[in-house]
Amino acid sequence: MARFILMRLMHSIPLLIAIIALILLMLQLIPGDPVQAMVGDYPVSPAFREAITKQYHLDDPFPTRLLSYFTNLVQGDFGYSYQFQRPVLDLILTHAPRTILLTVTGFAFAIPVGILIGLISGTTPNRRTDHLVTTASLLVYAIPSFWLGQILVLGLSVKLGWFPTQGMQPMISRAQGFDWFLERVHYIALPALAFAVHEGTRFARIMRASVIDTLSQGYIMTARAKGLSRSSIIRKHVLRNSSLPLVTIAGYAFGTALGGAVLLETVFAWPGLGLLFVQAVRMRDNMTVVAVVIFAAIAIILINLIVDVLYALLDPRIRSRA
Amino acid sequence: MTDSAGAHQSRKVPSQLSDTAQSIWGTLRAIASTRHGATGGAILLLMVLIALLAPLIAPYDPQSLTPSSLAPPSWTNPMGTDSIGRDIFSLVIYGTQTSLTIGLGAALGALLLGGTVGMLAGYFGGIVDTVLMRIAELFQTLPVIILVLFTVAFFGSSFWLLITAVILAIWPIEARLVYGQYLRLRNMSFVDAARVADMSAAHIMLRELLPNAIQPVIVQVALDASVAILIEAGLGFLGLSDPNVVSWGQLLYDAQSYMTVAWWMSVFPGAAICLAVAGLNLFADGLNEVVDPRTRGRKGGLQ
């Protein structure tokens, strides 16, 4: 197993380097004056231009700049964001936990609900129920989560006033202990719900397919032949065996979500990485943009690795093959 | 399931390029015989008609401004008007053109790029395989929305650039799928026979292998189209789509500032996006039933 992990890590490092090089190359190809883009619409003095050009080595050829970016990177230096007036690494480290919190909360609802719906629709002897559930989850899955967010805000926050419309916490909060927790729950409820509805319906579809696959296996027939009850077959055989592929797919989706909750975070002004990315792109804060992309890539690579290892540990059939 | 679908499952040795077209046509007919496929197909057909006949259906010029701004839905404006007095119904009708073009353009582009890469990598193997599939992996390691947002924000939000960006973000899935198909097929005896008959690699890839590999690929094309429509809507929603083109996502962006006073600005364009995406997903679902025999009919259920 250690060899497997090592091999995968060795495979990932050139991939990560290539991604960073690709992004930096794309930044290089952007038309326009980088110094002007950095300050916005204000006039640029020659002295400032010279200082910036020197500081960022804008005159150096691309390979030299690439090398210096990597040299800084391995020292943990992601550069400095002039727009946010903070080191980029600092920005990433404050925003990432918020995105992780939102994603984990969303998944905590989406996975059990998806498993339950998929299990019901896959095992029900009633064709009608299955058709109804399958079609309904397909239709709900078609709702873009950012629009669902907008509609939830419109209905539950604006019209009914049950939830705050935006943000992660009130401007000023004096709540402590359990009240503080409830206050946070209040803020995360809608974005997490919008996220969970979309992912949950997707998980339900995957789970149903997986359940149907499991039901055709020989061990289910054996279980029935030895007289196990329907509920104990579902609990002991179907649920466990069918959940495994879902957990894998949920794991991959988790990696993607860490860098990709851009639209949802924008709707709810949730101050995570997605919102940071949009702001950075709008302000042409290149250092931050590159850093978020790197973070997203690392998250995806690492989580995919963890999922593969877990899968191998959980399923003896795969362990022996590896 | 009908017999015609069964016939298309069986492998055949095609000798003419038209076999690919025939295979696609047969698949389409089989999809229409599934419940989800027929519903999805009907929705898509309706949307294509709306897009083509937009000038006849839309009661107003979508860009014409009127003094009646933020008017709620009524007989004169079935979906209300926006903040500068444009008729939402007409905007939604014209938005169909944009979304369908993006969906179709990006899906076909991804098919062409991903298909070619997958075909070459799967057929030739070796160093070609390694290089091409590593490049595909590179693009797959970035979240789609981040890649597209990055491209459009920095290089400009023209309509064609947006399609290109979406293609760049989604082609690896198509490439992997075609790659898998070619890997599976390339050692089959009918391919060996073609090699012995001294046919060119291009001939074998396009005329021998393609008709046998095309079916699961079409499922992915439909899913790609729905992803492309969602991405375009998302970019419009961030205010980054082409300002010269009417699009549903852009209408949602405009709606954001008027959420409290004009719900119709958000509800109708959003519903249009849902309908288009649902149509494509239903269609892909029907297609999947045709292509993957395991999902055909209903196998599940435990008494």
Side-chain angles (χ1 to χ4, degrees), chain A residues 14-16 18-19 22-23 26-27 29-31 121-127 130-131 134-135 138-139 141-144 146-148 150-151 153-154 158 165 208-209 211-213 215-216 220 230 233-234 238 256-257 259-260 262-263 266-267 277-278 281-282 284 289 292-293 296-297 300-301, chain B residues 35-36 39-40 134-135 137-147 149-156 226 229-230 233-235 237-240 248-249 252 255-256 259-260 263 266-267 269-271 273-282 284-285 288 292 294-295 298-303:
Chain A
L15 185 66
L16 199 59
I19 287 171
L22 180 76
I23 293 297
M26 279 173 80
L27 282 174
L29 295 175
I30 292 168
S121 125
T123 54
T124 178
N126 188 343
R127 252 165 193 277
D130 182 32
H131 270 307
T134 314
T135 309
L138 194 77
L139 292 180
Y141 180 57
I143 305 173
F146 62 90
W147 184 64
L148 181 64
Q150 230 183 20
I151 296 297
V153 167
L154 189 66
V158 175
T165 51
R208 176 183 175 272
V211 164
I212 288 172
D213 202 43
L215 286 177
S216 69
I220 298 294
R230 178 173 184 268
I233 293 179
I234 292 178
V238 182
T256 313
V262 173
L263 295 165
T266 308
V267 180
F277 185 72
V278 174
V281 162
R282 288 226 167 101
R284 294 273 165 130
V289 169
V292 175
V293 173
I300 290 181
I301 290 173
Chain B
R35 186 192 288 244
H36 281 176
T39 320
R134 281 315 285 271
I135 294 175
E137 195 183 353
L138 179 73
F139 278 88
Q140 225 175 357
T141 312
L142 293 170
V144 171
I145 184 82
I146 288 217
L147 204 58
L149 192 62
F150 181 87
T151 317
V152 170
F154 284 118
F155 293 90
S226 82
I229 288 176
L230 279 173
L235 282 181
F237 178 70
L238 292 174
L240 288 169
W248 295 333
L252 291 181
Q256 249 180 325
M259 283 304 279
T260 48
W263 54 268
S266 167
V267 168
I273 298 171
C274 293
L275 190 67
V277 174
L280 282 162
N281 286 355
L282 282 166
D285 215 41
N288 206 27
D292 188 352
R294 281 177 309 173
T295 58
R298 182 165 186 263
K299 294 280 165 26
L302 190 68
Q303 289 293 334

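Each chain gets a letter, A, B and so on, in the order the sequences are listed, and its residues count up from 1. What you are looking at is a predicted structure, and each value in this text was computed from that prediction instead of being measured.
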By a 4.5 Å heavy-atom criterion (distance strictly below it), what part of B/A276 contacts chain A: side chain, backbone, both, or neither? neither
Is A/I19 in contact with chain B via its backbone, its side chain, both, or neither, using a 4.5 Å heavy-atom distance? both
Find the distance between OG (B/S226) and CG (B/L282) and round it off to the nearest 0.5 Å. 10.5 Å
Looking at OG1 of B/T39 and CG of B/N281, how far apart are the two atoms once the value is rounded to the nearest 0.5 Å? 12.5 Å
Looking only at heavy atoms, what is the nearest atom pair of A/G122 and A/L215, with distance? O-CD1, 3.6 Å
What part of B/V267 lies closer than 4.5 angstrom to a heavy atom of chain A: side chain, backbone, both or neither? both
Spacing of B/E137 atom CD and A/L15 atom CG [to the nearest 0.5 Å]: 5.0 Å
Please classify the contact between A/L148 and chain B as side chain, backbone, both or neither, with a heavy-atom cut-off of under 4.5 Å. neither
What residue in A/T134, A/L138, A/I143, A/V281 has the most heavy-atom pairs under 4.5 Å with chain B? A/L138
Apply side chain to side chain contact (heavy atoms under 4.5 Å, CB included) to the pair A/D130 and A/R208, showing each step before the final yes or no. CA-CA 9 Å; A/D130 182 32; A/R208 176 183 175 272; 2.9 Å; yes
I'd like to check A/F277 versus B/L149 (side-chain heavy atoms, cut-off strictly below 4.5 Å). Are they in contact? yes
Under 4.5 Å from a heavy atom of chain A, the part of B/L275 involved: neither
Most heavy-atom pairs under 4.5 angstrom with chain A, which of B/L138, B/I135, B/I273? B/L138
Is chain B contacted by the side chain of A/I23, its backbone, both, or neither, given a heavy-atom distance below 4.5 Å? both
For residues B/P269 and A/W147, determine if any side-chain heavy atom of one lies less than 4.5 Å from a side-chain heavy atom of the other. no
At a 4.5 Å cut-off on heavy atoms, which part of A/V289 comes close to chain B: side chain, backbone, both, or neither? side chain
